Structures are given as structure tokens and as C-alpha cells.
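Because the structure is a prediction, the values reported are computed rather than measured.
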Amino acid sequence: MKFVKIRCLYEQNKFIKMYKDYVQSLAPYNPLIKIQLAEDYASDYLTQEFMGGIFVYLLKTQEDKTVGFIIVGSGDMGTAPKTNWCIHEFYILPEYRRKGFGIKTLEKFQRMHTGKVCYFVLKQNTPAQAFWRAATERLKWIALPASEYENRTYYSDEFADFFVVEVQKLDAGELHSKL
């Protein structure tokens, strides 16, 4: 799995289209999602990356097929105080789901970003809830109590669960033994 930064207009347009599809896929789980994550939000992420602190990656196979995207921000941006990183958005295209690309992406993430990591999962999105439970167990991410992070109202509401985990580097042998 390769994390590829968006460098040209073609990739930028591909990301914006994928982001629109991503928002559509989340709409059944939260009626406000179309308002909160409008298409121009994708452009906002690209602008934030240019200014620093946010990393927008296209996810590509070794054969250069784009299978999704991940958006990672540093915890010091105010999104998640007391954390090192935040996975803002994570999307695998439907035709690539349940084929190991999600786990491979998080393994790659784990090689690049360790420490306290936060992420959000919509409560009604049972496939995502199941994926994150299995992935965090498989990758040995240690759940931390969310109570110290709930002072920010958007972290815990009726639509989403907020998670903070401790992510430690795994050696190559541990990673390969899990696949």
C-alpha cells in the first residue's frame, strides 16, 4: 500500500470526486452529514495540507490503482488536544472493501504515525464500527479512556463515537504475521 500526496490537477479532481462519494456513503448514517461535509470540504482539506498540519493521501496499490484516501492531521491543530494524530477521514472505494486494503492502510499509517491517535466512527455505521474494532485489535492499538477528551462537544454526540488509541510501532515480523 502506498500513500501518495496529491500533486496534480488530475489527482486533485479524483480526490474531490472520491470525497463526494464518501459523503454520499455516510449520508444514511447521519442526516446532517451532507451539510457538515459538503463537497467543498475536500478543497478545504487540500488547502489545509498546503498550509501544513494536514496530510491528504491517495491510497494506491503497488500497481498504482487508487483504492481510497486517508486524511491525517497532527493533534496540535486543536482537533484533538492531548493527541499526536487524528485520522480525520478514511475511505476505501466499495469495490476494494473486504479485500485487506483497509488493514494494509492502517499498517502503513502505523509505520508512519505513532503515539496517541484519535478517530471518529458514526454510531449507525455498523460496517465501519466492526472494521475499526477488528483493525485496532489486530494491530494491537491500545484503547485509552475517552473521558479526558469529551470536553469538546463535537467529540461525543448522538451520531459519532470518539476513540483515542495508543499506536506503537510494530516490527516487520509482527506486521506480516497478521496477514
Side-chain angles (χ1 to χ4, degrees), residues 1-23 25-26 30 32-62 64-93 101-122 128 132 135-136 139 141-142 144 146 148-157 160-170 175:
M1 185 62 58
K2 298 187 291 186
F3 283 28
V4 178
K5 288 190 165 239
I6 296 170
R7 296 286 182 227
C8 65
L9 188 58
Y10 171 77
E11 289 176 336
Q12 185 178 43
N13 290 335
K14 183 182 252 188
F15 167 70
I16 289 171
K17 185 196 178 317
M18 268 194 301
Y19 195 86
K20 184 177 181 181
D21 293 343
Y22 165 68
V23 171
S25 75
L26 294 178
N30 180 344
L32 302 175
I33 206 81
K34 286 183 183 179
I35 298 166
Q36 294 171 344
L37 298 175
E39 183 180 347
D40 64 347
Y41 214 70
S43 297
D44 291 346
Y45 276 127
L46 294 173
T47 300
Q48 289 177 38
E49 179 179 42
F50 179 74
M51 298 177 75
I54 291 277
F55 304 96
V56 179
Y57 298 109
L58 293 178
L59 305 173
K60 295 193 176 199
T61 65
Q62 296 306 325
D64 264 354
K65 289 185 182 180
T66 301
V67 300
F69 64 82
I70 189 168
I71 302 171
V72 178
S74 60
D76 63 357
M77 290 188 64
T79 305
K82 303 180 189 174
T83 62
N84 304 99
W85 302 101
C86 182
I87 299 173
H88 291 277
E89 315 290 350
F90 178 43
Y91 180 65
I92 300 292
L93 291 164
F101 292 108
I103 290 292
K104 288 177 185 174
T105 298
L106 294 180
E107 286 176 345
K108 175 79 173 182
F109 170 86
Q110 189 164 359
R111 286 186 213 114
M112 298 168 65
H113 307 288
T114 58
K116 291 181 183 175
V117 176
C118 73
Y119 59 93
F120 306 83
V121 183
L122 294 174
W132 282 101
T136 56
L139 297 171
W141 291 8
I142 301 163
L144 301 174
E148 65 183 276
Y149 301 95
E150 290 178 339
N151 60 341
R152 304 284 294 259
T153 57
Y154 61 89
Y155 283 168
S156 182
D157 60 26
D161 289 324
F162 171 67
F163 297 93
V164 178
V165 292
E166 183 70 37
V167 175
Q168 299 173 348
K169 281 205 187 267
L170 296 177
L175 289 173

| said: Let's go through V72 and I54 carefully: what are the C-alpha distance in whole Å and the side-chain angles of both, what is the deciding distance for side chain to side chain contact (heavy atoms under 4.5 Å, CB included) to 0.1 Å, and is it a yes or a no? | reply: CA-CA 6 Å; V72 178; I54 291 277; over 6 Å; no

| request: Check the pair W132, F120 against ring pair (Phe, Tyr, Trp, His ring centres under 6.0 Å), reporting the backbone distance first and the verdict last. | output: CA-CA 10 Å; W132 282 101; F120 306 83; over 10 Å; no

| request: Show the numbers, then the answer: is there a side chain to side chain contact (heavy atoms under 4.5 Å, CB included) between V165 and I142? | output: CA-CA 5 Å; V165 292; I142 301 163; over 6 Å; no

If you measure from [atom1] on [X] to [atom2] on [Y], what distance do you get to the nearest 0.5 Å?
X	Y	atom1	atom2	value
I71	H88	CD1	NE2	8.0 Å
S25	K20	OG	NZ	13.5 Å
T136	L106	OG1	CG	9.5 Å

Please give me the minimum heavy-atom distance between [X] and [Y], naming the atom from each residue.
X	Y	answer
M1	K108	O-CD, 3.8 Å
I6	E11	CA-OE1, 3.7 Å
I16	S43	CD1-OG, 3.8 Å

Are the side chains of [Y] and [X] in contact, using a 4.5 Å heavy-atom criterion?
X	Y	result
H113	V167	no
N13	K17	no
M18	L93	yes
I70	L59	yes
V117	T83	no

| Going through the distances and angles, do T66 and K14 end up as a side-chain hydrogen bond (donor to acceptor under 3.5 Å, both in side chains)? | CA-CA 9 Å; T66 301; K14 183 182 252 188; 3.2 Å; yes

| message | Once ring pair (Phe, Tyr, Trp, His ring centres under 6.0 Å) is applied, do any residues pair with Y91, and if so which ones, sequence neighbours excluded? | response |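 Ring pair (Phe, Tyr, Trp, His ring centres under 6.0 Å) list for Y91, sorted by chain: Y22, F69.
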
| said: Which residue in the set Y19, F15, F50, F3 passes side-chain contact (heavy atoms from CB on, under 4.5 Å) when paired with V56? | reply: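 By the side-chain contact (heavy atoms from CB on, under 4.5 Å) criterion, V56 pairs with just one of Y19, F15, F50, F3: F15.
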
| field | Short side-chain to backbone donor-acceptor contact, E49 and Y45, under 3.5 Å | value | no

| field | Check: K116 main-chain N/O paired with N84 side-chain donor or acceptor under 3.5 Å | value | yes

| query | Do Y119 and W85 make the cut of ring centroids closer than 6.0 angstrom? | reply |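 Not close enough - the centres of the two rings lie 6.0 Å or further apart.
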
| Hey, mind stepping through K5 and L58 against side chain to side chain contact (heavy atoms under 4.5 Å, CB included) and telling me if it holds? | CA-CA 6 Å; K5 288 190 165 239; L58 293 178; over 6 Å; no

| said: Under the criterion side chain to side chain contact (heavy atoms under 4.5 Å, CB included), I'd like the reasoning laid out for V4 against Y57: C-alpha separation, chi angles, the key distance, then a yes or no. | reply: CA-CA 5 Å; V4 178; Y57 298 109; over 6 Å; no

| field | Worked check of side-chain hydrogen bond (donor to acceptor under 3.5 Å, both in side chains) between W141 and Q110 | value | CA-CA 9 Å; W141 291 8; Q110 189 164 359; 2.9 Å; yes

